[in-house]
Amino acid sequence: WPVIEDMDHLPAPSTRRIAIYTSRPDSPLAANQLAAIQRYACAMGWVTVAIVESDEQRLLDLAATHALDLVLCWRTSDLRRAESLVQRLSVHSIELLAVAQSCTALME
């Protein structure tokens, strides 16, 4: 493994621009889930550019304009058409991360 002696000259990690997608904003747990997703994004150093509630087309419009790099949601089972959404986002090279299902998120 290479040894990095001068840590001051490392390139800064790129900040990911994220959208948070909540498909059930009227759920009793929605506020807690949104807060948990926001804490996770903040801990990762990501910038939230949009919170989209139940508006898949708005989310896809943001993706088409390259306004974001990643979409976070709570669980894919909460999404009506998760597989279709993943495919449509991938056209723009954008991933969907379900925070409650992510091993990385659970380790925080």
Side-chain angles (χ1 to χ4, degrees):
W1 294 95
V3 176
I4 300 172
E5 295 178 9
D6 188 0
M7 299 297 279
D8 293 333
H9 290 83
L10 288 176
S14 62
T15 300
R16 293 184 93 177
R17 299 163 301 154
I18 63 131
I20 298 173
Y21 184 59
T22 58
S23 60
R24 296 180 184 175
D26 54 347
S27 162
L29 298 175
N32 291 338
Q33 292 170 352
L34 178 60
I37 293 170
Q38 288 175 314
R39 280 193 308 273
Y40 177 68
C42 184
M44 296 299 289
W46 298 338
V47 175
T48 302
V49 296
I51 297 174
V52 179
E53 296 179 344
S54 297
D55 189 348
E56 188 176 301
Q57 188 56 53
R58 179 168 175 241
L59 188 63
L60 294 169
D61 290 344
L62 288 167
T65 63
H66 305 287
L68 50 103
D69 304 303
L70 179 68
V71 175
L72 301 181
C73 69
W74 187 247
R75 284 188 308 254
T76 55
S77 61
D78 293 342
L79 307 178
R80 280 178 246 137
R81 299 180 312 247
E83 188 175 320
S84 171
L85 181 60
V86 167
Q87 290 173 348
R88 294 173 76 188
L89 288 170
S90 70
V91 168
H92 304 289
S93 300
I94 296 174
E95 296 176 67
L96 176 71
L97 174 65
V99 174
Q101 295 168 235
S102 169
C103 293
T104 304
L106 295 175
M107 293 189 315
E108 106 177 68

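Computed over heavy atoms, backbone and side chain alike; hydrogens, waters and symmetry mates excluded. Nothing here was measured: the structure is a model prediction, and the numbers come from that model.
The heavy-atom pair separating Ala100 from Arg75 by the smallest distance is CB-CG, 3.8 Å. The nearest pair of heavy atoms linking Leu72 to Ala41 is CD1-CB, 4.0 Å. In this structure, Arg58 and Ile51 approach most closely via the heavy-atom pair NH1-O, 3.5 Å. For the residue pair Asp55 and Tyr21, the shortest heavy atom distance occurs at N-CE1, 3.8 Å. Nearest heavy atom pair, residue Thr15 against residue Asp69, reads O-OD2, 4.0 Å. Nearest heavy atom pair, residue Ala63 against residue Leu68, reads N-CD2, 4.3 Å.
Between Ile37 and Trp74 there is a side-chain heavy-atom pair separated by less than 4.5 Å. Proximity of Leu85 to Leu59: side-chain heavy atoms (C-beta onward) are separated by under 4.5 Å at one or more points. In this structure, the side chains of Leu89 and Leu60 come closer than 4.5 Å at one or more pairs of heavy atoms.
One distance of note links CZ of Arg81 with OG1 of Thr76; it measures 14.5 Å at 0.5 Å rounding. Put simply, CZ on Arg16 and OG1 on Thr48 are 12.5 Å apart, with the number rounded to the nearest 0.5 Å. For the atom pair CG of Leu70 and CD of Glu95, the computed distance is 6.5 Å after rounding to the nearest 0.5 Å.
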For this session: Using the side chain to side chain contact (heavy atoms under 4.5 Å, CB included) rule, take Ile20 and Gln38 through it: C-alpha gap first, then chi angles, then the decisive distance, then the call.
Result: CA-CA 8 Å; Ile20 298 173; Gln38 288 175 314; 3.5 Å; yes
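Linking ILVMFWY side-chain heavy atoms closer than 4.5 Å, directly or via other members, places Val49 and Leu62 in a single hydrophobic cluster.
Looking only at distances, a side-chain donor or acceptor of Arg17 sits under 3.5 Å from a matching main-chain atom of His66.
Atom CD of Glu83 is surrounded by 12 or fewer heavy atoms from other residues, nucleotides or ligands within 6.0 Å.
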